[in-house]
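Order of the sequence lines fixes the chain letters, A, B, ..., with proteins taken first and strands second; residue numbering starts at 1 for each chain.
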Amino acid sequence: MRLGQEPATGTLKSAHAPTCPVPELPEVETIRRGLERELVGRRVEAAEACGGPLRSPSPLPLGRLAGRRFAAARRHAKFLLLDLDRGVLVVHLGMTGKLLFAAQGGPRRAHTHLVLRLDDGRELRYVDPRRFGMLRLYRDARDVEEARHYGIDALDPALDDAVLGALLQRSRAPLKAFLLDQTKVAGLGNIYACEALWRAGLSPRRLARNTPASRVPALRGAIVGVLHDSLAQGGTSFNDYVDHIGQPGRFLLDLAVFQRDGGACRRCDADVRRIVQSGRSTFFCPGCQR
DNA sequence: ATGATCTCCTGAGCGC
DNA sequence: TGCGCTCAGGAGATCA
């Protein structure tokens, strides 16, 4: 799932292991940093679409990609915003999306959807087996709907206790649903939402607006903390990606509750439980998350 | 307007 | 072993 080299042979293994490496904010940020080093300054010599359609609303206008040069790599929540000298290529990796560098003309992995031939002899490829990803090309950075529609990025320093508290007060959803709602705080997925609530000692079933003001700092600290911890380890994994194909950074992350139902909570020794909220698995400790 | 539910898709993992 | 079923997940569309 990371930015890396296309393996010479063999297939990606354990891509759908129980702790499936779904790209979330830390993974996307890690990839962004890699693209900043590897892609910015490169010119697209040719663009080719292949494979089935993604979730993109319309086919990518490939003609407008050719000849463009990458100027910057930004991120908003789980979206990569790749600025070109004219326009912006927006990438969402969905569940299984990967951006891979490969030698020009080399064998292509199944489910390759986009190939950008670069001016340095390489190709940048978008590979996505489940096709939940999204590729969109905008003429102007101000037109990027994904950035406008989404709420404040979870790692934006502007997300202070007062801002988070106000967002919580305006919501009638349970805390878990609140954290997954990208229009409120953007960037948390299922894993980090569960882990952040455990760290904060807050029940996922508690209504967001019933979060006492005194506990807002703990929740904000938990959100930022779990993302930073993961980011630190995602970066580690990124650096030696070539030797660890299919070994997600999250493997290294110390998960307290996610997919640990039936196990003992390390804080209070109660049994970790799994429930379903909004059609998504929630893992939490009923003993110490109130 | 808001929150809940459905939908898309593939492959892992299970039971038979 | 091999088939068929269930499940997981993010986000847009749709429903209540």
Polar side-chain contact A/R170-B/dA1 base: donor and acceptor under 3.5 Å:
no
Can you check the A/E146 CD to C/dG10 P distance for me, whole Å?
17 Å
Does A/F178 reach a base, just sugar-phosphate, or nothing at all? Heavy atoms under 4.0 Å.
nothing
Which nucleotide, B/dG3, B/dC9, C/dG12, lies nearest any side-chain atom of A/H149?
C/dG12
Go through B/dG3, C/dG10, C/dA11 for me and flag the one nearest to the A/F132 side chain.
C/dG10
Testing the 3.5 Å rule here: is there a donor-acceptor pair between the side chains of A/Y192 and A/S230?
yes
Of the options C/dG12, B/dA4, C/dG9, whose atoms approach the side-chain atoms of A/R280 most closely?
C/dG9
Length of the NE2-C1' vector between A/H113 and B/dC8, whole Å:
13 Å
Please report, rounded to the nearest Å, how far the P atom of B/dT5 is from the NZ atom of A/K176.
13 Å
Does one side chain, of A/Q277 or A/T282, offer a donor that lies under 3.5 Å from an acceptor on the other?
yes
Check every strand shown and say whether A/G189 touches a base, only sugar-phosphate, or nothing at a heavy-atom separation below 4.0 Å.
sugar-phosphate
Selected nucleotide, minimal atom distance to A/H92 side chain, candidates B/dG3, B/dA4, C/dG10
C/dG10
Closer than 4.0 Å, any side-chain N/O of A/S278 to the OP1 or OP2 of B/dT5?
no
Can you tell me the distance, in whole Å, between the NZ atom of A/K184 and the P atom of B/dA1?
13 Å
With the side chain of A/S281 defined as its heavy atoms from C-beta on, choose the nearest nucleotide among B/dG11, B/dA4, C/dG9.
C/dG9
Selection from B/dG3, B/dT10, C/dA11 that lies nearest to any side-chain heavy atom of A/A173
B/dG3
Quick check for you: among C/dG12, B/dT10, B/dC9, whose closest atom lies nearest to any side-chain atom of A/P129?
B/dT10
If we count only N and O atoms by modelled type, under 3.5 Å, do the side chains of A/E146 and A/Y138 hold a donor and an acceptor together?
yes
By nearest heavy atom, map A/P174 and A/R131 onto DNA chain B; which one lands nearer the 5' end?
A/P174
Students often mix this up, so state it plainly: with edges at 30° and 60°, are the rings of A/H76 and A/Y150 parallel, tilted or perpendicular?
perpendicular
Among C/dA11, C/dG10, B/dG3, find the nucleotide with the atom closest to the side chain of A/R172.
B/dG3
Heavy atoms from C-beta onward define the side chain here; which of C/dA11, B/dC9, C/dG10 lies closest to that of A/Q182?
C/dA11
Is a donor on one side and an acceptor on the other found under 3.5 Å between the side chain of A/E29 and the backbone of A/L231?
no
Hey, does A/R274 reach any base, or is it just sugar-phosphate, or nothing, if we go heavy atoms under 4.0 Å?
sugar-phosphate
Could you tell me how far apart A/D181 (CG) and C/dG10 (C1') are, to the nearest whole angstrom?
12 Å
Measure from CG on A/L135 to P on C/dG12 and round the result to the nearest Å.
14 Å
Quick one: A/D128 CG to B/dT10 C1', roughly how many Å, whole number?
10 Å
Side-chain contact, heavy-atom cut-off 4.5 Å: A/D128 with A/L93?
no
May I have the distance from A/N190 (atom CG) to C/dC7 (atom P), rounded to whole angstrom?
16 Å
